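Below you'll find the structure, written out as C-alpha cells, and then a few comments.
Just so we're clear, the structure is a prediction, and the values are computed from it rather than from any experiment. Note that ligands are numbered from 1 as they come in the structure, with each ligand's atoms numbered from 1 the same way.
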Amino acid sequence: MDLRVPGPTPLPPPVREALAAEMINHRGAEFRALLAAVTAGLQHVLQTEGDVLVLTGSGTGAMEAAIVNLISPGDRVLAVTVGAFGDRFAEVAQAFGAEVSTVASPWGRAANALALEDALARTPHVRLVLVTHNETSTGVTNDLRALAEVVGARRGEGGPLLVVDAVSSAGAIPLPVDAWGCDVAITGSQKAWMAPPGVSMLSMSERAWAAAERATCPRYYWDLRKACRAAERHETPWTPAVNALQGLHAALAMMRAEGLEAIYARHRRVAHRMREGAKALGLELFADPAHASNTVTTLRVPEGVDGEMLLRRVRELGVTLAGGQGALKGRIIRVGHMGYVDTADIDRVLQALAAALG
Ligand SMILES: *Cc1c(COP(=O)(O)O)cnc(C)c1O
C-alpha cells in the first residue's frame with residue numbers, strides 16, 4: 001500500500017531496521033549518545049544554534065508545550081490562521097486562558113503580512129504571534145520569512161515572540177530558524193522526518209527561555225525548563241519514546257547524507273509533478289497556486305463525484321490518500337508528499353487517481 005496521507009509518512013528501510021532494535025536503558029550511555037546525535041541532527045536541519053528539545057507526544061503536544069511555557073493566563077496572543085491547524089493553535093492558547101485574536105485568511109489562501117502588521121499595530125501588548133508555516137489542511141505554505149519580518153520589526157523590549165507550527169514543513173521546506181528569528185519552531189517525527197509518530201521537536205530561542213521563566217501557566221509534564229535541565233546531560237525528564245528516537249536517528253543520518261538543498265529540491269520536484277499531473281487529469285487545485293505547498297497537495301473533488309467514494313476506489317488500487325478536514329470534508333482530497341518520497345511514488349498516485357476517476 002502506498003501511504004500518501006500528510007503524516008504519518010512511509011518509513012525508509014534503514015528507519016524500519018532501527019525500529020526493530022532491542023530496547024535500551026533510557027538512563028544509560030547508549031541513550032545519551034542517541035539523544036545527543038538526534039539533537040545535533042535536528043539543529044542542523046532547523047539551522048539553529050539554539051536549544052532543540054525532543055518531546056514524547058504528537059505535534060499537538062508540542063503546541064501545547066509552547067503555549068503553557070510562554071504565557072500567563074490573560075496574556076494577549078495573536079493567531080495567524082489559514083486553516084484547521086492554525087485554528088487548533090488558537091484553540092490551544094484559548095484553552096490555557098490567553099486572550100486570543102486571530103488574523104485569518106480564507107481557506108486555500110496564504111496569510112497576509114500586511115494584515116498581521118495592521119493587527120499588531122492595533123493590538124497592544126501581544127505576547128505571542130502564532131503562525132502555521134505549512135497549513136496541512138489546505139495545502140498552503142505561508143511566506144514565513146515575510147511574516148517573521150513583521151514580527152521582528154517589533155522585537156524591542158516587550159515585543160512579541162514568534163511561535164511557528166512547522167510540523168509539516170520542517171525537514172522538507174526551508175526553515176532557517178535563527179536567520180528568520182523564529183523563537184519557537186515545532187515539528188513532529190511522523191511528517192517530513194521519515195520517522196514513526198510519537199516524538200515532537202521544538203526549538204527555543206533565548207527570548208523564549210526568558211518568557212518560560214516568567215510564564216505562570218500551570219505545567220508539569222510539558223515543563224520545558226525540566227526538559228532543558230535533563231537535555232544538558234542528554235536525557236529527557238520522563239521516559240521517552242526510545243524506538244521512535246532510534247528511527248529518527250536513522251532518518252537524520254539519511255537526511256544529512258542527502259543534504260538540505262537536495263531535500264528541498266526533491267520536494268519541489270515531487271510537488272510540481274503532483275500538481276501538473278493532477279491538472280492533466282482535469283483536477284482542479286484547491287490551494288492558491290502562488291502558495292501551493294511542496295509537502296501536501298489539495299485537489300477539489302470534481303462536480304458530481306463522491307469524495308469518499310473516490311478515496312475508497314483509490315485505496316482499492318493500492319494508494320491511501322486523505323480527505324478534507326472540517327468544512328472541507330468531502331470537498332477536497334489531500335495527497336501527502338513529504339519525507340520518504342520521490343517522483344515515482346507520485347506517478348503511482350496519479351495512475352490510481354486516473355483509474356479511479358475513469
Ligand atoms: C500534523 C500536524 C500537526 C500535529 O498533529 P499531531 O497529530 O498532533 O501530530 C500540527 N500542525 C500541523 C500543520 C500538522 O500538519
For this session: Report the C-alpha distance between Glu276 and Lys279 in whole Å, list the side-chain angles of each, state the deciding distance to 0.1 Å, and finish with yes or no for salt bridge (Lys or Arg N to Asp or Glu O under 4.0 Å).
Result: CA-CA 5 Å; Glu276 292 306 310; Lys279 281 191 274 183; 3.2 Å; yes
Inventory of protein N or O atoms under 3.5 Å from ligand 1 N or O:
| residue | atom | partner | partner atom | Å |
| --- | --- | --- | --- | --- |
| ligand 1 | 8 (O) | Ser58 | OG | 2.5 |
| ligand 1 | 8 (O) | Gly59 | N | 3.4 |
| ligand 1 | 8 (O) | Thr60 | N | 2.8 |
| ligand 1 | 8 (O) | Thr60 | OG1 | 2.5 |
| ligand 1 | 9 (O) | Gly59 | N | 2.9 |
| ligand 1 | 9 (O) | Gln190 | NE2 | 2.8 |
| ligand 1 | 11 (N) | Asp165 | OD1 | 3.2 |
| ligand 1 | 11 (N) | Asp165 | OD2 | 2.6 |
| ligand 1 | 15 (O) | Thr136 | OG1 | 2.4 |
| ligand 1 | 15 (O) | Lys191 | NZ | 2.7 |

Can you list, pair by pair, the side-chain donor-acceptor contacts under 3.5 Å of residues 329-339, counting residues two or more places apart and other chains?
| residue | atom | partner | partner atom | Å |
| --- | --- | --- | --- | --- |
| Arg331 | NH1 | Ala327 | O | 3.4 |
| Arg334 | NE | Gly323 | O | 2.7 |
| Arg334 | NH1 | Thr136 | O | 3.0 |
| Arg334 | NH1 | Gln325 | OE1 | 3.0 |
| Arg334 | NH2 | Gly323 | O | 3.3 |
| His337 | ND1 | Asn294 | O | 3.1 |
| His337 | NE2 | Thr297 | N | 3.3 |
| His337 | NE2 | Thr297 | OG1 | 2.7 |

Exercise. Are the charged groups of Asp223 and Arg225 less than 4.0 angstrom apart, N to O?
Worked result: yes
Problem set entry | Residue among Asn134, Thr132, Val296 satisfying side-chain contact (heavy atoms from CB on, under 4.5 Å) with Thr141 | Asn134
Exercise. Is the NZ or CZ atom of Lys191 positioned over Tyr340's six-membered ring, under 6.0 angstrom from the centre and within 45° of the axis?
Worked result: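 Checked: cation-pi criterion not met.
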Exercise. Ring centroid separation for Trp238 and Tyr220, is it under 6.0 angstrom?
Worked result: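 Ring centroids of Trp238 and Tyr220 are less than 6.0 Å from each other.
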